[in-house]
Amino acid sequence: MEIRLDEVNETEKEILYRLLQFSLYEESAGDGNEMTLEAVFAYPRFDAYFTEDTRDDRSAYLIREAATGKLLGFVMINTYLQKFREGHSIAEFLVIPKYRRKKVGKQAAFACFDRFGGNWEVSPAQGSDQAYLFWKHIVEAYTNGNYRFEEGIFLFSGFVK
């Protein structure tokens, strides 16, 4: 299955927010994020992905099947880093469970890395062995093993495919 990344625009903002809720639910077991009384997981920086003054620092994409446009997941990227001075970070990443283990996540991650290049930081969901193993496999494959793992963050830079 071939995928494409479609940048989320203002009209698709609500679709992204609903998908983000699934991701936050999955991560809540390890990160302690609590649901509100309205059954919503808070994500204080969500609107910043759609604000003109912070738009250069953040990007959000829907992962879709290339041929049909079927929604497969999403990825949110920002430039807020812990180790590097410049670069990008995967802020949120979700492939709908039905489409996992079909190389959708790998294609989406590689497309993000290729799109922005330079330095990258990827922090797997806290406490999730599955997320750690997924990102370890992805980063190893993308960099041919040329990465570091420090304090829970995969780091790689300057890699050109």
Side-chain angles (χ1 to χ4, degrees), residues 3-65 69-101 104-116 118-139 142 149-156:
I3 66 105
R4 70 177 195 241
L5 295 180
D6 291 341
E7 190 160 12
V8 177
N9 58 43
E10 190 70 36
T11 62
E12 298 168 314
K13 182 178 175 180
E14 208 43 52
I15 294 169
L16 177 63
Y17 190 74
R18 286 194 299 270
L19 286 171
L20 177 61
Q21 290 299 304
F22 290 121
S23 180
L24 297 174
Y25 163 77
E26 280 190 341
E27 294 173 3
S28 68
D31 69 10
N33 193 2
E34 292 286 339
M35 210 170 35
T36 67
L37 294 175
E38 293 80 28
V40 173
F41 288 93
Y43 198 83
R45 299 162 307 281
F46 182 77
D47 285 328
Y49 282 84
F50 303 95
T51 306
E52 216 37 63
D53 60 334
T54 58
R55 192 78 173 124
D56 291 339
D57 299 334
R58 301 170 194 270
S59 302
Y61 300 91
L62 296 176
I63 304 168
R64 295 187 184 274
E65 184 177 22
K70 181 186 290 187
L71 193 56
L72 307 174
F74 76 94
V75 58
M76 296 167 72
I77 299 166
N78 65 41
T79 58
Y80 299 94
L81 306 170
Q82 297 178 51
K83 301 290 183 179
F84 289 120
R85 287 179 175 258
E86 297 177 337
H88 292 85
S89 173
I90 300 288
E92 303 295 338
F93 189 95
L94 172 81
V95 173
I96 295 168
K98 178 179 179 178
Y99 302 107
R100 293 178 184 166
R101 300 194 183 282
V104 169
K106 181 178 183 179
Q107 288 181 69
F110 278 31
C112 291
F113 300 154
D114 288 346
R115 183 171 293 197
F116 293 100
N119 298 326
W120 277 92
E121 293 185 3
V122 179
S123 302
Q126 189 176 1
S128 172
D129 291 340
Q130 184 178 1
Y132 168 79
L133 291 172
F134 168 79
W135 284 113
K136 183 176 189 288
H137 171 75
I138 295 301
V139 172
Y142 187 80
F149 186 72
E150 295 177 10
E151 299 175 13
I153 305 169
F154 289 100
L155 305 159
F156 56 99

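Just the heavy atoms: all of them, side chains too, but no hydrogens, waters or symmetry mates, feed the values below.
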Mind listing the closest non-hydrogen atom pair of [X] and [Y] along with its distance?
{"X": "I138", "Y": "A109", "value": "CG2-CB, 3.6 Å"}
{"X": "P124", "Y": "G152", "value": "CD-O, 3.4 Å"}
{"X": "N78", "Y": "A91", "value": "ND2-CB, 3.4 Å"}
{"X": "R64", "Y": "G69", "value": "NH1-O, 3.0 Å"}
{"X": "G73", "Y": "L19", "value": "O-CD1, 4.0 Å"}
{"X": "A125", "Y": "A131", "value": "N-CB, 3.7 Å"}

Assess the residue pair I153 and V122 against the criterion (side chain to side chain contact (heavy atoms under 4.5 Å, CB included)); give the C-alpha distance rounded to whole Å, side-chain angles, the decisive distance to 0.1 Å, and a yes or no. CA-CA 6 Å; I153 305 169; V122 179; 5.9 Å; no
Mind checking side-chain hydrogen bond (donor to acceptor under 3.5 Å, both in side chains) for [X] and listing every partner two or more places apart, or none if nothing turns up?
{"X": "E10", "answer": "none"}
{"X": "E65", "answer": "T68"}
{"X": "R100", "answer": "E26"}

Under the side chain to side chain contact (heavy atoms under 4.5 Å, CB included) rule, collect the residues that match up with [X], sequence neighbours excluded.
{"X": "R85", "result": "none"}
{"X": "T79", "result": "D57, H88"}
{"X": "E151", "result": "K83"}
{"X": "L133", "result": "none"}

Just by modelled atom types, is the Q82 backbone N or O under 3.5 Å from a matching donor or acceptor in the E121 side chain? yes
In the structure I gave you, are the side-chain heavy atoms of F156 and V139 within less than 4.5 Å of one another anywhere? yes
Distance (rounded to the nearest 0.5 Å) between [X] [atom1] and [Y] [atom2]:
{"X": "W120", "Y": "L81", "atom1": "CH2", "atom2": "CG", "result": "9.5 Å"}
{"X": "S89", "Y": "L155", "atom1": "OG", "atom2": "CG", "result": "10.0 Å"}
{"X": "I63", "Y": "I96", "atom1": "CD1", "atom2": "CD1", "result": "8.5 Å"}
{"X": "R45", "Y": "M76", "atom1": "CZ", "atom2": "CE", "result": "8.5 Å"}
{"X": "Q107", "Y": "R4", "atom1": "CD", "atom2": "CZ", "result": "13.0 Å"}
{"X": "L94", "Y": "L72", "atom1": "CG", "atom2": "CG", "result": "10.5 Å"}

Using the rule given for side chain to side chain contact (heavy atoms under 4.5 Å, CB included), can you reason through I77 versus Y61, listing the C-alpha separation, both sets of side-chain angles and the distance that settles it, and then say yes or no? CA-CA 9 Å; I77 299 166; Y61 300 91; 4.0 Å; yes
So, using ring-ring contact (aromatic ring centres under 6.0 Å, His included) as the criterion, who are the partners of [X] when residues are at least two apart?
{"X": "Y99", "result": "none"}
{"X": "Y43", "result": "none"}
{"X": "F46", "result": "Y17, F50"}
{"X": "F93", "result": "F134, W135"}

Please determine whether the number of non-hydrogen atoms from other residues, nucleotides or ligands lying under 6.0 Å from atom CZ of F41 exceeds 12. yes
Quick one: sort the F149 and Y132 rings into parallel, tilted or perpendicular, breaks at 30° and 60°. perpendicular
Evaluate the ring planes of F110 and F113, with Trp represented by its six-membered ring, and classify them as parallel (under 30°), tilted (30 to 60°) or perpendicular (over 60°). tilted
Yes or no on side chain to side chain contact (heavy atoms under 4.5 Å, CB included) for Y142 and K106, after CA distance, side-chain angles and deciding distance? CA-CA 9 Å; Y142 187 80; K106 181 178 183 179; over 6 Å; no
Pair listing, salt bridge (Lys or Arg N to Asp or Glu O under 4.0 Å) test, anchored in residues 128-139, at least two apart: K136-E140
